[in-house]
Chemist: 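Please find one structure pasted underneath; my questions will follow.
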Amino acid sequence: MLLIALMAVPLAVSLLILAAPEARARAVAMAGTLVAAVGALFAMMVFDWHAGVAFQFTHEIGWLDELGIRFSVGADSVSMMLIALTALLGPICVAASKTAVTQNQKTYYAWLLVLQAAMTGVFASRDMVLFYICFEFTLVPMFVLISLFGSSNRKFAAVKFFLYTFTGSVIALAGFVYVAWFASSLTPEIVGHAARAEYPGLGRWSFDIATLQYAARLMSPTQQAWVFLAFMAGFAVKVPIFPVHTWLPLAHTEAPTAGSVILAGVLLKLGTYGLLRFALPFCPLAVMEYAPYVAVLCVVGILYGGLICWVQTDVKKLVAYSSVAHLGFCVLGLFSLNSAGITGSITYMINHGLSTGALFLCIGMIYERYHTRSMKELGGLAARMPIWSTFMVFFAMASVGLPGLNGFVSEFLCLLGAFQASDAWGSTTAMTADGALGQGLWGSAGAAHPGSTPGTLGPWFAAVAGIGMIIAAIYLLYMVGRVVWGPLVEPAGHHDAHGGHDAGHAAHAGHGDAHGHAALPRDLSAREIGVLVPLAVLCLALGVYPKPMLRGLEGPVVNTVELVRSGPNVQLPQKAAEAQEQRDEMEQGQ
């Protein structure tokens, strides 16, 4: 019941917010998110991390049993970490919105809590229909937050965000339904009574994820390829992967600060989580076949996103485009199909949410004071805001991947996974005509290289992606150099009297009161420092000592690698193969 409570509490509190007075909306929202955060902390403490591969806190409730749909939840160590990240960002976003959102607070905080409940449901779901409902429903709160509380171009950004992600999700739904239909056709006579006993949902309509995973691995290579493409259509847009990324920078730039934090911290991870949970174990044959093509898109996204960042003058847009490059590393590690790469990908989901979410918070704090994000109008703020500048430099270094901070661990493992994901570059079978060892695929000597794993990537993928790390260092350090250091530059007409702003800085609807924005101190307030400190502590702790996180992920990672590697060895039983041939012949005849 613990996971259900983590979903139900934010949902219930959202209803309480609607019933509460406008002036109490933020207090009620803070109480609700703190309760959820304490519940997630308790779950982390009682979770058995030594058995992280097993789904814990499982619970099932009858829902639509005649259709094989049940309200089923459970969490392995990957899900548990992402649920904890979601719960952590909840109170942080509420606290960060105190001065940014001063009108329509009931609407704002109610939808923020509904969004948290839906995201938690995605990571906790063990039923495909429940997963899809939560996955798709996240679009509604984010659409409202962007369209009502965003910047000047918020309407267009909200519509583009909704249409892009909704279209991909519908195609993914077709893949889910096909797998469920295929599983319903696997009768006990086809798969055997042992499999039927282990997976009671076989042979009838069922949306149990474990059952569908077993059934999907029995599909032919062609079937797996189509299902994989359907999954990619839904999850690649959500990540997003190049070239379906164009909705992200606009949504990030136009969203309110808390919306950008949630979008970067959790919503983008719904795509990578979907690839990890469904694409890899459901379609191992297709994944191994198409991995190099996906990796090429990731590398292009890494370089393209970095070069776009290089020429940005809007600080928020720069950080938004950086997410395209960073998530390219995340998916590249995932499709390395080895332990190092997948571990790096999962840790990237966590670490990117911490460091990039914190950068959006820092940018939001500047925007509240100066009403601009342009590097042409801001500079040398270390002289005015030394505390803010310290946090800004710290989180920029974490995003760059400075050793000792959390970003380094993730990027290193993703690149290592891609580098070693080819057993052809050190193959002893590369023999010349006279029997001597020849050259391997990547120009190496034919001697076997310890550490190489089966795969279709290799050193060149890692080398080209590594250039993206250099580009990231350039644009992030350039941004820090312009905004934090150098001569003081402030927007024309800005003054510091009483910590306020010119009356000419009119507050945007939903972002201030009748007199404009609330007066803010020159540097960060105690509330703003309290918002950033937990993220800074985690960035440092996970960078200096990532062992507990890596150890907790070991079980699910090894299990995923084994599922993918055993894909070519999974064969339909003889009767199932005959039945499949008959279906293929009937389809061809039609």
Chemist: Please give me the minimum heavy-atom distance between Gly74 and Arg126, naming the atom from each residue.
Modeler: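 That closest heavy-atom pairing would be N-CG, 3.5 Å.
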
Chemist: Give a yes-or-no answer on whether the side chains of Ser410 and Thr347 include a donor-acceptor pair shorter than 3.5 Å.
Modeler: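 Yes, Thr347 and Ser410 have a side-chain donor paired with an acceptor closer than 3.5 Å.
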
Chemist: Assign the ring pair Tyr273 / Phe123 to parallel, tilted or perpendicular, where the plane angle (0 to 90°) is split at 30° and 60°.
Modeler: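 Rings of Tyr273 and Phe123: perpendicular, as their planes differ by over 60°.
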
Chemist: Would you say Asn351's side chain and Cys539's backbone share a donor-acceptor pair under 3.5 angstrom?
Modeler: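 No, the answer is negative, given that no donor and acceptor are paired below the 3.5 Å cut-off.
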
Chemist: Parallel, tilted or perpendicular: which describes the rings of His326 and Tyr348, with under 30° parallel and over 60° perpendicular?
Modeler: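 It falls in the tilted class, 30° to 60°.
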
Chemist: Going by heavy atoms in the side chains, are Asp127 and Phe71 under 4.5 Å from each other?
Modeler: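 Answer no - side chains too far apart.
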
Chemist: Is there a side-chain contact between Thr33 and Leu112 in this structure, where contact means two heavy atoms from C-beta onward sitting under 4.5 Å apart?
Modeler: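 No; the side chains remain at least 4.5 Å from each other.
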
Chemist: Should Val239 and Leu275 count as side-chain neighbours, where that means a heavy-atom distance under 4.5 Å?
Modeler: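 Val239 reaches Leu275 side chain to side chain.
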
Chemist: Kindly give the heavy-atom pair with the smallest separation between Ser147 and Lys155, and that separation in Å.
Modeler: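 What the structure gives for the nearest pair is O-NZ, 3.6 Å.
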
Chemist: Do you see a donor-acceptor pair shorter than 3.5 Å between the side chains of Ser79 and Arg277?
Modeler: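 A donor-acceptor contact under 3.5 Å links the two side chains.
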
Chemist: Give a yes or no on whether the backbone of Cys330 and the side-chain of Ser345 come within a donor-acceptor separation of less than 3.5 Å.
Modeler: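 Yes, because the side chain of Ser345 sits within donor-acceptor range (under 3.5 Å) of the backbone of Cys330.
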
Chemist: Between His352 and Phe329, is the ring centroid distance below 6.0 Å?
Modeler: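 Judged by ring-centre distance (under 6.0 Å), His352 and Phe329 do not meet the cut-off.
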
Chemist: If you compare all heavy atoms of Ser14 against all heavy atoms of Ala110, which two are closest, and at what distance to 0.1 Å?
Modeler: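 Nearest pair, atom of Ser14 first, then Ala110: CB-O, 3.4 Å.
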
Chemist: Decide yes or no for His252 and Val319: does some side-chain heavy atom of the first lie under 4.5 Å from some side-chain heavy atom of the second?
Modeler: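 No, their side chains stay 4.5 Å or more apart.
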
Chemist: For residues Trp310 and Tyr475, establish whether the separation of their ring centroids is below 6.0 Å.
Modeler: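 No.
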
Chemist: Please work out whether the ring planes of Tyr304 and Phe242 are parallel, tilted or perpendicular, with thresholds of 30° and 60°.
Modeler: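 The arrangement is tilted - the two ring planes meet at 30° to 60°.
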
Chemist: Mark yes when over 12 heavy atoms from residues, nucleotides or ligands other than His50 sit less than 6.0 Å from its NE2; otherwise mark no.
Modeler: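 Not buried by this count: 12 neighbours or fewer within 6.0 Å.
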
Chemist: Are the aromatic rings of Phe235 and Phe135 close, with centres under 6.0 Å apart?
Modeler: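 Yes - the distance between ring centres of Phe235 and Phe135 falls below the 6.0 Å cut-off.
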
Chemist: Is the number of heavy atoms from other residues, nucleotides or ligands under 6.0 Å of Lys160 NZ greater than 12?
Modeler: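 Yes, because the 6.0 Å sphere around NZ of Lys160 holds more than 12 heavy atoms from other groups.
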
Chemist: Quick one: does any side-chain atom of Arg373 pair with a main-chain N or O of Tyr367 as donor and acceptor, under 3.5 Å?
Modeler: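 Absent.
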
Chemist: Examine distances only and state if a side-chain atom of Trp49 and a backbone atom of Met44 form a donor-acceptor pair shorter than 3.5 Å.
Modeler: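 Answer holds: yes.
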
Chemist: In a check of side-chain contact (heavy atoms from CB on, under 4.5 Å) between Lys238 and each of Val244, Thr272, Leu139, Leu268, which one passes?
Modeler: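 With Lys238 as partner, side-chain contact (heavy atoms from CB on, under 4.5 Å) holds for just one option, Leu139.
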
Chemist: Would you say that Met392 contacts Ile366 through its side chain, given a criterion of any heavy-atom pair below 4.5 Å between the two side chains?
Modeler: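 Not touching, per the 4.5 Å side-chain cut-off.
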
Chemist: Kindly determine whether Met375 and Leu318 satisfy side-chain contact (heavy atoms from CB on, under 4.5 Å), including the steps that lead there.
Modeler: CA-CA 10 Å; Met375 286 188 281; Leu318 183 150; 4.2 Å; yes

Chemist: Do Thr99 and Glu368 meet the criterion of a side-chain donor-acceptor pair at a distance under 3.5 Å?
Modeler: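 Yes.
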
Chemist: Side chains of Phe156 and Glu254: does their closest heavy-atom pair fall under 4.5 Å?
Modeler: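 Not touching, per the 4.5 Å side-chain cut-off.
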
Chemist: Under the criterion side-chain contact (heavy atoms from CB on, under 4.5 Å), I'd like the reasoning laid out for Met385 against Asp523: C-alpha separation, chi angles, the key distance, then a yes or no.
Modeler: CA-CA 5 Å; Met385 306 174 65; Asp523 207 345; 3.4 Å; yes

Chemist: Are the side chain of Lys269 and the backbone of Ala264 linked by a donor-acceptor contact shorter than 3.5 Å?
Modeler: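 At least one qualifying donor-acceptor pair exists.
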
Chemist: Are Gln103 and Tyr108 close enough that some pair of their side-chain heavy atoms sits under 4.5 Å apart?
Modeler: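 They are not in side-chain contact.
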
Chemist: Would you say that more than 12 heavy atoms from the other residues, nucleotides or ligands in this model lie under 6.0 Å from the CZ of Phe162, or not?
Modeler: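 Yes, CZ of Phe162 has more than 12 neighbouring heavy atoms, counting only those of other groups under 6.0 Å.
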
Chemist: Nearest heavy-atom pair of Ala124 and Met7: which atoms, and what distance?
Modeler: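 Answer, listing the atom of Ala124 first, then Met7: CB-SD, 4.4 Å.
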
Chemist: What's the verdict on side-chain contact (heavy atoms from CB on, under 4.5 Å) for Leu130 and Ser72, showing C-alpha distance, side-chain angles and the deciding distance?
Modeler: CA-CA 8 Å; Leu130 177 62; Ser72 177; 5.8 Å; no

Chemist: Is Arg551 atom CZ crowded by more than 12 heavy atoms from other residues, nucleotides or ligands, each under 6.0 Å away?
Modeler: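 Not more than 12 within 6.0 Å, no.
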
Chemist: Does Tyr132 have any ring-ring contact (aromatic ring centres under 6.0 Å, His included) partners at least two apart in sequence or in another chain, and if so, which?
Modeler: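 Listed in chain order: nothing, the list is empty.
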
Chemist: Write down the atom of Leu248, the atom of Ser323, and the distance for their closest heavy-atom approach.
Modeler: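 The pair with the smallest heavy-atom distance is CD2-CB, 4.0 Å.
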
Chemist: With sequence neighbours left out, what residues match Val311 under side chain to side chain contact (heavy atoms under 4.5 Å, CB included)?
Modeler: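 For Val311, no residue satisfies side chain to side chain contact (heavy atoms under 4.5 Å, CB included) once neighbours in sequence are set aside.
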
Chemist: Taking side chain as C-beta onward, heavy atoms only, is Arg384 less than 4.5 Å from Glu490?
Modeler: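 Heavy-atom side-chain distance check passes, below 4.5 Å.
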
Chemist: Using distance alone, with no hydrogens and no angle criterion, decide if Thr246 and Tyr164 have a side-chain donor and acceptor under 3.5 Å apart.
Modeler: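 A donor-acceptor contact under 3.5 Å links the two side chains.
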
Chemist: What pairs with Tyr321 under side-chain hydrogen bond (donor to acceptor under 3.5 Å, both in side chains), at least two apart in sequence or on another chain?
Modeler: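 Tyr321 satisfies side-chain hydrogen bond (donor to acceptor under 3.5 Å, both in side chains) with no other residue.
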
